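Okay, structure first, notes after.
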Amino acid sequence: MFEAVAFYLFAALTIVMFTITVMTSQALYALTAMAAGMIFISAFFFILGADFLGAIQIIVYTGAVMALYAFGMMFFDTTRNVIEKRNNPRFVVILGGLAAVLVVLIVLAPIVTTDLNAHYPIDTSVGNSQAIGMVLFTKYLVPFEVAAVMLLVAMIAGIVLAGKKMDKSLTLMADEEIALMHALSHDTTEEKGGH
Amino acid sequence: MELTLNHYLVLSAVLFAIGLIGVMRRKNLLMLFFATEILLNAVNVGMAAISHYRGDYTGQMFAFFIIAIAASEVAVGLGLLIVWYKRTGKIDLDQMTSMRG
Amino acid sequence: MQEHILSILIFFPALAAMLGFVVHKDSAKAYGITVAGIEFFLSLWLWHIYDPMTSGMQFMEMAPLVSAFGINYMVGIDGISLFIIILSAFFTLIGILSLTETRRVKDLILTLLFLEMTMIGVFSALDAIVFYVFWELSLVPMLYIIGAWGGPLRIYASVKFFLYTFTGSLVMLVGMLFMAYFYYQATGQWSFSLLEWYRLILPVNYQMWLFAAFFLGFAIKVPMFPFHTWLPYAHGQAPTIGSVILAAILLKMGTYAFVRFSLPLFPDATVAFMFPIAILAIIMIIYGAMVAYAQEDIKQVVAYSSISHMGVIILGTFALNVEGISGSVFLMIAHGVVSGALFLLVGVIYDRRHTKLMSEFGGLASVMPRYATIFGIMMMASVGLPLTINFVGEFLSLLGFYKQSHSYTLVAGTAIIVGAIYMLSAYKKAFFGPVTKEENKHLKDLNKTELYGLVPLVVIAIWLGVYPKPVLEPINNSVEAIVQLMHDKAQTPEAQKRIPNLAKTGTMNSVQEAH
Amino acid sequence: MLEPVTVSLASLNITTLAPMVIAIIGALVILSIDLFKGGLHKSLYVMVSLLFLLLDLGAIVDFGNLFLRNGTILGMFDVMLIDGLAILAQIIIVAGSMLFIPLALTSKRFHEYNYPEYFALFLFMIAGFQFMVSTDNLIMVFIGLEMASLALYTLIALHNRSKSFEAAVKYFTMGALAAGFFAFGSMILYAITGSVEINQIALALAKDEYTNIGYVLLGVTFLLAAFGFKLSMVPFHTWTPDVYEGSSAALAGYMSIVPKIAGFVVAMRLFEFLVHSGVVWLQVILYVVVVVTMTASNIWALVQSDVKRMLAYSSISHAGFVMAAILIGSTQSNTGLFLYWALFSFTNLGAFSMLWVNRQKNLVPGQSSDHPYEKFSGLVRTMPMAAVVMALFMLSLAGVPPFALFWGKMYLIGSAVSGGYTVLALIMALNSAIAAYYYLKLIVFMFMKEPLPAYGRKYLMNASLSLKTIIGIAAVSAIFGVFAVNPLLKVITLFVYNSGY
Amino acid sequence: MEIYLYTALFSPLVGSLITALFGASRKTYFTGILASGLLFASFVSSLILLTYVMAGHTVHVEMMTWIATGDLYIPFGFVVDQVSVTMMMVVTTVSTVVHIYSIGYMSHDKGFNRFFSYLSAFVFSMMVLVMSDNFLGLFIGWEGVGLCSWLLIGFWYHKESATWAANEAFIMNRIADLAMLIGIFMIYWNLGSLQYDVVFAHISSLPMPIITWIGIFLFIGAMGKSAQFPLHTWLADAMEGPTPVSALIHAATMVTAGVYLVVRANPIYSEIPDVGNAIASLGAFVAMFAATMALVNRDMKRIIAYSTLSQLGYMFVAAGLGAYWVALFHLMAHAFFKALLFLGAGNVMHAMHDELDPFKMGGLKTSMKWTWILMTLASVALAGIYPLAGFFSKDLILEVAFVEQHYILYTVLLLTAGMTAFYSFRLVALIFHGDKRHLEHGIHPHEAYTFMLYAMAPLAILAVIAGMVFKTPYYQMVTQLLPAVQYHIHNHTTFWIMTIGTQLFVILAIAYAYKKYAKAVKVDKKVESGFFYQLLYNQYYIPKIYDEVFSKPYLQLSKLAWKQIDLRIVDATVDGIANIIYQTGEKTHTMQDGNLSSMLRWMVIGVVVLLVLAVAFTAGYNAVNLRAM
């Protein structure tokens, strides 16, 4: 019973929050609502016994992602009202609604399955984090490592893209200009801007 | 009333749809990225729920990796936005129509 | 060398063309003539060593190409292909000889040599895919020739030519793949070899579909009504050399393919489609002639006359007896010679006046008597006067089809009337009457170069009209083999009835049979 | 309490990771080189990348031999799956990359090649694709896909001009949406089967006899959308032309080949069992998608005024064409897919390289895109060899025999015929005819029009010996592709057949 | 004997080819003399062959294979038998004369050399036609003479009317040739051969309808060449050619080829008397029809042309009634006197500077005495006055009709004989008697070269003696091959009444013609504007009808086919399809509007569409499964 109440409560809250996120014209509201929504989602994880995931959700999303976005918002100066030109707002909502209705129509049906054996059964005897760790470092070791590389890629990408070297485009410069620029840069300290 | 997997799936679907609306509606790229986060979060709810009802860790694993992916996407996405912003001073996607046809 | 004569014939011009990139552009024509000349002599040598009494394929060569999918490089010739090959070599030579183009001659000549490769390839291919390869490849040089050296609408014309033919042949490709699949089902092995396919007896309903698929490809190439509209544009815009090759050789690919593919592979379907196709052929004959009659541009007259003549060829092909098919094959060669010559002749006048409108001329007979004479001879050949090359083919084609249907032949026979109408009226407009235009009064008669190109054609047109035997005999032997094959494969009673059995009767004594 | 897990190292088959690890190490090496000594010339990085890719390829070929001896290799808790498809796809990926990376050696300087990170990211991306194809675990697929994609977005943006940023942002955003689709689709399949491994999913579905048909379709819908995006199926293709236009021609060419083959392999793993399961819906949908993709993109390509955009649409069309192989789902068609793609990669490589060599930095007045058709006007006069080679690629793309792509086309259409999809075969054939028009258009411009003085000396701006070599390789393989067809067919059939496809 | 055969056959060809080499060069008498000489050789060879054949032999050679495929075998085979030797004699005689004559006639023409080339080529074709031993060989000659006729009618190609007439002749002949080809096809597919001997030997084995059709088709072929109604209009127009041509081709030889064909194919026609009757009826009709037109015509050459047509009608009557040898005999006699007449007309034309209207001449007998004599002689022969050639040949046909009890035909032919006499002498009277009207036009006529008159002399002699001297030996010779039927009216009274009656009738007609035209010519306006006069003068309006019903509509239809059907429908459809595809691209590529938002929307739309289909399919699937349960 508690579970049900919690579910409905948080469901309502997340839906409201996310709706605000996508509908408001205030960037700050949107960001805040999203952060709130993320936190509420972690509540589901806790309800569902995925404590580790809940923790990660809060740390990664509300901690890292939100911080990044907040930084970005400041950078882009979007704290004020965001003016967006809308075309066919109704169409968008209808399309989204239709998608929801259709998916819901299908997922309302009970899942009938004969295969009840879980591949990695949940072991209630140990803590969620421990169990997760167990699966993560056996079966999902490779994905885990690759995810790490992926994060590295993302990091490099972020650094490279946001770096100062991007300010001047060699692509758009004629050869003479590049030569000139290099000649100048030897005098100054600007060796390379990527790092 | 007992909660079933379907409840969560419906929730997941609704959240996903909200995300879709956001993706379609937003012109401000930063806020558009918010919507994509919603999409992934919606899936995470579903994953965790299935994991729970199936008694299987795979779903949680999946959700875990999805979070990782979401995080990396933010990094790259913001990087792209920054260069774009530096170049044009705007992050409105309506400004971004130099290629068409 | 004798074993590889066909490969040499096919690839020599292409190789020469590649080497030709090095040749200086002022010497390009000489180089082209040399190469085409060698090729022509090789083709004559091929004729010399060809055994006319054998009906089967000769000089066969085979090399695996994509053996996993049953595709082999396989070439060989019989009497049907032999002469078209010689004709191809011949016309390339004549074409280069009488080239008057001044813009980028080297490119043009090299393109022609490539074209020669594809033409000879098509006519000697015995593997469907190899055939297809050359068939499609031939479009490319032609596209270039029309598009780069053509008239004001050249781009439209060349692209239309390419796309139209390309579309048709892609459908044909699907048909070929289907055919190979049937073979695979029947034997468990992939094969695109024509000779292997010949051994296959297909269910009649499949034959119909396959026939239709092949038909589309061939019909556009021929071109049959109502797929012909690329032709007037292509001819109208093409430079002289392009028209000559197009009319003389490329169109023959379609009719040749009918004989090589459609007939022996799908005898029942052929019989079933005989009358619809005959109707199309008759439309081509009469309608083509009428449209030709209405033309104002003399080149278009010749272009539409090609449609009309191709109708007769189709009719002969679908006569399904030795007389008709031999006739149609012979007519292919004849029409090649005659229409090629006519296009060359039109080119002569175009070079001098840069117009092809008949209203711009008149009275040329007195200004350019030699030109008028040769034009007249070729026109009469085109009209099908006996003792000219066309007559033999036309007569045999119609004679053959008469066996299948009297009334159709009667209608189709109007070819000899309507043909005369447009040809004579065109000749009259251009050559007879007083010289009205000042520019025409001092036109130069044919010069030596032009005569080098034209006189051999005149000689051939008359020689083969008087003495067709050296050509007709090998054709006849090979055609007999095809007809017999068709008869043996025929399943429907209709087909068995329509396709004569040569083996049983031996030398037919029809006088006795008539009783 | 948890029991300690003991796993023998041998059973892990750690070597299955070798190819990807080589690529990743390569990337790290490049980064470290830069750390120690900055400002080195790009040729160094090109060659280092090339070396590592060579090693990578060697490893894959080694696996190829192993596969032929022992069959499918599983490793790392069955996450890694090295079967014939994986090997073939990896070969195409790595070989394709090896051919493209030298395109960095242009004579003009472009922004991206100033970054050692560019080459690192390039290698990371390759590793990502390799992971993507050599697993049947959806999580692994997802991570591999994202890793590759994130790197790719960056590579596009590094070209550093507004069009490439625009392209990158567009690609990224749509990619994010597609990632959402992928996640959602996987979730649904996981919900009904309790597994994220494709073969397990297939087994579970078969066991249930597709009772949860609604769920299946739902999952497939989203996955189809996700792969539709990756493989640029209409209507998920909209990024393609813009991204191709925005990125450098070299990268555009790369994108038209390597990411797609990775996508195809996963799609093959995922959809093929569904097609064979008798779910009519999927067959119909795939049929429609294939036909619409082929036809619509062809039609749009007709009206393009920029060659690169035209090639973008044409590559969409080619993808649709190849997607038919998955619909047909026979060994022959799957073989055809790889054959086609192998041949396509050479020809397309050539075509895009030709664009790359004539990329000028400063647009002439009135020029709105990098490669308008007008630029190629009368090329045969000014640079006959370039015109001939470009025409060759166009003809090959159009499927004119005997150039390379014709054989792929023929084999695929043949597989459609023998798979019983006659109408599809006809549609494929007729689409080739439509496509011929826009390829011809370029030929028309090159061979049949007068040169425009404005573009007089703009061709081969960017050419260097290595670029010319690459183009030469492409040209030779386009002409003599026919001789490669038979061995390719034999090898591919062996691999595909032994993988059970 | 073969050498003579080849000489007879090929010397004209040699002549033609040699003179052709000089075709474009300046006039040289050498060509004319050479051609004539070679023709004389041909004539001599023919004469030798004639004696040989007279002795009862025939010559049959097969020179070489021409077409052989399937079961078809056609050689270049030549046969000299009683029939062909007759034709050879006629052809070589007349053409030798015409050649020599032409040296004078064409002496002022620029195309002198060309003319002889054509003329000799014609003779060669005609020889092939008559000597061939199979139908297709005959067809070669048939078409060959058609070609030469085209060349010669259009000899003065700068004249619009000449070239028009040439084309008309050729095309009209082609119409008939088609029928002939069909006839040949029928023969081949039914008998397996085209050789005369094989065909004639087996023709009777065929079913009646087939023989009938063969007969009809061959005859249609003959109709074209012999200008029988309704394919007659070209002959009168063919008079645009030089007069020697008219004499040789359009009077003496080529136009009689049709008759020759019927005679040659007599074994076929003997099987089908009904067709024969039809032929005879048509012949009689044409005889009368042409004669009526000749009555009022004001063009000297056309009058003679109509007369030729009329005489051809006579021949067909004979041939149709089975009197093949009579037809052939008349053919021969007619050739002599008609050629003579034409050549005389040529002299007159020369003298009158190519004036053709006899009403503008008159009184020429003083200045052109010999021509007057020759033409009068020819006219008398034509009219059939005893003892000239016409009497023996033409009146014989009347007898045939009578004996065969075709009285209507007989009556028609008799009337026609009267008309013939009238118009012939109308012409002679107008030209040679009466006032010298030509002086008004400032023309001073002079007699032709003497050698031209000498050249005409043999014809004149033959016109006089051919009937009287040749009839019996000819009958004996030719009936070795042709059915030997003697047409005698056994009742002597009837015979004499008929003969004398006919003679009187003809003489009366001549007298009337002289009376009316020999003195001053009164033009009776009332008569001339009358319906019949106009009808006849306009050739029954047939050329006009042809023009309106066939030529113009054909041109219109052709234009329609080109402009409307070909360009507007067939081509437009093809372009239309391409255009639709292209326009679809033009219209829909805006879907790619470059806006990221709409791109994302497209993706969602795609998903939603798929979802809709998925839901629909699921519903359907469940419904089916539920029902199954």
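Note that this is a predicted model, so its numbers are computed, not measured. Chain naming here is simple, since letters A, B, ... match the order of the sequence lines and numbering starts at 1 in each.
Scanning all heavy atoms of the two residues, the minimum distance from B:Tyr57 to A:Ala131 falls at OH-CB, 2.9 Å. Closest non-hydrogen pair, B:Glu37 versus A:Met38, comes out as CB-CE, 3.8 Å. In terms of heavy atoms, A:Phe44 sits closest to B:Leu11 at CZ-CD2, 3.3 Å. Closest approach of B:Val76 to A:Ala154, counting heavy atoms only: CG2-CA, 3.8 Å.
Comparing B:Ala70, B:Ala42, B:Ala71, B:Gly79 by heavy-atom pairs within less than 4.5 Å of chain A, the highest count is held by B:Gly79. In terms of heavy-atom pairs under 4.5 Å with chain B, the best-connected choice from A:Leu151, A:Leu136, A:Val101, A:Thr14 is A:Leu136. By number of non-hydrogen pairs under 4.5 angstrom with chain B, the leading residue of A:Val65, A:Ile41, A:Val93, A:Thr19 is A:Ile41. Ranked by heavy-atom pairs under 4.5 Å with chain B, the first of A:Gly158, A:Gly96, A:Gly97 is A:Gly96. Comparing A:Val135, A:Val153, A:Leu68 by how many heavy-atom pairs each has under 4.5 Å with chain B, the most go to A:Leu68. Chosen from B:Asn41, B:Ile21, B:Leu78, the residue pairing most often with chain A at heavy-atom distances under 4.5 Å is B:Asn41. When A:Val60, A:Ile132, A:Val104, A:Ile156 are compared by the number of non-hydrogen pairs under 4.5 Å with chain B, A:Ile132 comes out ahead. Among B:Ile67, B:Leu80, B:Val83, B:Asp92, the residue with the largest count of heavy-atom pairs under 4.5 Å with chain A is B:Ile67. Contact count versus chain A (heavy atoms, under 4.5 Å) is highest, among B:Tyr53, B:Tyr8, B:Phe64, for B:Tyr8. The candidate from B:Val14, B:Val23, B:Val45, B:Leu20 with the greatest count of non-hydrogen atom pairs under 4.5 Å with chain A is B:Val45. Comparing A:Val103, A:Ile56, A:Asp167, A:Ile111 by how many heavy-atom pairs each has under 4.5 Å with chain B, the most go to A:Asp167.
In this structure, no portion of A:Ser42 lies under 4.5 Å from any heavy atom of chain B. With a threshold of 4.5 angstrom between heavy atoms, B:Leu15 approaches chain A through side-chain atoms but not through N, CA, C or O. For a residue to count as touching a neighbouring chain, one of its non-hydrogen atoms must lie under 4.5 Å from one of that chain's; by this rule B:Leu93 does not touch chain A. There is no contact between B:Phe16 and chain A, counting heavy-atom distances below 4.5 Å. For A:Asn88, no part lies near chain B; criterion is any non-hydrogen pair under 4.5 Å. Contacts between A:Val107 and chain B at a heavy-atom distance below 4.5 Å involve backbone atoms as well as side-chain atoms. When heavy atoms are compared at a cutoff of 4.5 Å, A:Pro143 approaches chain B by way of both its backbone and its side chain. Only the side chain of A:Ala157 comes within less than 4.5 Å of a heavy atom of chain B; its backbone N, CA, C and O stay farther away. Residue contact with chain B, scored on non-hydrogen atoms closer than 4.5 Å, involves the side chain of A:Met34 exclusively. In this structure, the portions of A:Ala11 lying under 4.5 Å from any heavy atom of chain B include both its backbone and its side chain. Within the 4.5 angstrom heavy-atom criterion, no atom of A:Ile106 approaches chain B. Using a 4.5 Å cut-off between heavy atoms, A:Ala109 touches chain B through its backbone atoms (N, CA, C, O) alone. B:Ser12 does not touch chain A: none of its heavy atoms, backbone or side chain, sits under 4.5 Å away. The contact between A:Tyr61 and chain B is made entirely by side chain atoms (from C-beta outward), counting heavy-atom distances below 4.5 Å. Contacts of B:Met24 with chain A are made by both backbone and side-chain atoms, with heavy-atom separations under 4.5 Å.
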>> Run the side chain to side chain contact (heavy atoms under 4.5 Å, CB included) test on A:Phe76 and B:Ile82 for me, step by step, so that the C-alpha distance in whole Å, both residues' side-chain angles and the decisive distance to 0.1 Å come before the verdict.
In response: CA-CA 8 Å; A:Phe76 302 134; B:Ile82 285 169; 3.9 Å; yes

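Formation of a donor-acceptor pair under 3.5 Å by the B:Arg25 side chain with backbone atoms of A:Pro89 is not found in this model. A donor-acceptor distance shorter than 3.5 angstrom exists from the side chain of B:Lys86 to the backbone of A:Ala162, with no hydrogens or angles considered.
Environment of CD in A:Glu177: crowded, with over 12 heavy atoms of neighbouring residues, nucleotides or ligands closer than 6.0 Å.
For the atom pair B:Ile66 CD1 and A:Gln57 CD, the distance stands at 11.0 Å (nearest 0.5 Å). Put simply, OH on A:Tyr120 and CG on B:Asp56 are 8.5 Å apart, with the number rounded to the nearest 0.5 Å. Separating the NE2 atom in B:His7 from the CG atom in A:Leu108 is a distance of 9.5 Å, to the nearest 0.5 Å. In this structure, CG in B:Leu30 is found 11.5 Å from CZ in A:Phe75, a value given to the nearest 0.5 Å. For the atom pair CE of B:Met61 and CG of A:Leu53, the computed distance is 8.5 Å after rounding to the nearest 0.5 Å. Remark: A:Thr21 OG1 to B:Arg26 CZ distance equals 8.0 Å, nearest 0.5 Å.
Side-chain rings of B:Phe33 and A:Tyr69 stay apart, their centers remaining 6.0 Å or farther from each other.
Between A:Val22 and B:Phe34 the shortest side-chain heavy-atom distance does not fall below 4.5 Å.
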